[in-house]
Amino acid sequence: SQQGEEDPQALSIQEGENATMNCSYKTSINNLQWYRQNSGRGLVHLILIRSNEREKHSGRLRVTLDTSKKSSSLLITASRAADTASYFCATAGSSARQLTFGSGTQLTVLP
Amino acid sequence: DAGVIQSPRHEVTEMGQEVTLRCKPISGHDYLFWYRQTMMRGLELLIYFNNNVPIDDSGMPEDRFSAKMPNASFSTLKIQPSEPRDSAVYFCASSSADNYGYTFGSGTRLTVV
C-alpha cells in the first residue's frame with residue numbers, strides 16, 4: 001500500500017518558475033526522502049530529511065517537513081526544462097530502511 | 001562505480017514460462033531491495049536483504065515469486081510460472097549502512113503475453 005500521496009498529480013510550469021510539490025503520509029516516520037524519475041529510467045535520490053528536521057536545502061531544492069501535519073513539500077526554484085520528470089516522496093518507518101513510495105507528481109517544465 | 005546493474009533491460013515471455021531477473025548492487029552496499037512499478041499500483045516493495053539475508057518478503061505477491069542473494073554482489077528475482085498480470089517494471093536498489101538513500105538500477109521491463 002502507498003503511504004505517501006503527492007499533490008498535485010501533475011504540474012506544468014514555465015522555465016524559470018518555481019515548482020512546489022506536496023506529500024502527505026499516514027503513520028509516524030523515521031525519515032522522508034524525495035526521488036526523481038525520468039521517463040523510462042530508474043529513480044534518483046534527491047534529498048533526505050529526518051523526522052527531527054524541519055527544513056533542508058540542496059542546490060535548487062528545498063524540502064520542508066511538518067510531522068504534526070504528516071506532510072512534506074519539495075520546492076524546486078528557477079526550474080529548467082531538464083527538471084521535467086516524475087517526483088516521488090518516500091517514507092521510512094521505524095525500520096528506517098524500508099521505503100514506501102507515494103504515487104508521484106508529474107512535473108513538466110516548458111521552455 | 002557503475003551503479004546498480006540490472007539485466008535484462010527488457011524481457012518478453014509467454015505465460016507459464018520461468019523468468020529470472022538479475023541485479024548487481026553497488027560494491028559495499030549492505031542492503032538490497034526489489035521493487036515493482038505499475039501504473040495501477042505504483043512502486044511496491046517486494047523483498048529486501050541485509051548482508052545477503054532476506055529481512056522482509058511480505059511484499060512478494062505469491063509463491064510464484066522467489067528471490068535469492070547468494071553473495072554480496074548478486075541477487076535474482078524469479079517468477080515461475082509467469083502470468084500476464086506480472087507485467088511491470090522491476091527495479092533493484094541498494095543502500096549502504098551509513099546512508100538511508102537508495103541507488104536504483106535502470107529496471108527490467110517485463111512483458112508476459
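In what follows, chains are A, B, ... by sequence order, proteins preceding strands, each numbered from 1.
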Of the non-hydrogen atoms in [X] and [Y], which two are nearest, and what is the gap between them?
{"X": "B/Arg9", "Y": "A/Gly40", "answer": "NH2-O, 3.8 Å"}
{"X": "B/Ser96", "Y": "A/Arg97", "answer": "O-NH1, 2.8 Å"}
{"X": "A/Gln98", "Y": "B/Leu45", "answer": "CG-CD2, 3.1 Å"}

Checklist entry - Counting heavy atoms not belonging to A/Gln14, are there more than 12 under 6.0 Å from its CD? => result yes

Checklist entry - If you draw a 6.0 Å radius around CD in A/Glu17, do more than 12 non-hydrogen atoms from other residues or ligands fall strictly inside? => result yes

Is there a path of hydrophobic side-chain contacts, each under 4.5 Å between heavy atoms of I, L, V, M, F, W or Y residues, that connects [X] with [Y]?
{"X": "A/Met21", "Y": "A/Ile29", "answer": "yes"}
{"X": "B/Val89", "Y": "A/Phe88", "answer": "yes"}
{"X": "B/Phe33", "Y": "B/Ile5", "answer": "no"}
{"X": "B/Tyr31", "Y": "B/Leu46", "answer": "no"}
{"X": "B/Tyr48", "Y": "B/Met60", "answer": "no"}

Checklist entry - For A/Arg41, is it the side chain, the backbone, both or neither that has a heavy atom under 4.5 Å from a heavy atom of chain B? => result backbone

Checklist entry - Considering only heavy atoms, which portion of A/Gln37 lies under 4.5 Å from any heavy atom of chain B: side chain, backbone, both, or neither? => result side chain

Next on the checklist: Taking 4.5 Å as the heavy-atom cut-off, does anything in residues 64-81 of chain B contact chain A, and if so which residues?
Outcome noted: none

Checklist entry - Could you give the distance from OG (A/Ser103) to CZ (B/Arg41), rounded to the nearest 0.5 Å? => result 14.0 Å

Next on the checklist: Distance check, rounded to the nearest 0.5 Å: B/Tyr35 atom OH versus A/Thr100 atom OG1?
Outcome noted: 6.5 Å

Item to check | Residues from residues 48-60 of chain A approaching chain B under 4.5 Å (heavy atoms) | outcome: A/Leu48, A/Arg50

With a 4.5 angstrom heavy-atom cut-off, could you sort out which part of [X] is near chain A: side chain, backbone, both or neither?
{"X": "B/Phe91", "answer": "side chain"}
{"X": "B/Asn99", "answer": "backbone"}
{"X": "B/Gln6", "answer": "neither"}

Checklist entry - Just one of A/Leu43, A/Leu99, A/Val44 clears the side-chain contact (heavy atoms from CB on, under 4.5 Å) bar with B/Tyr102, so which one? => result A/Leu99

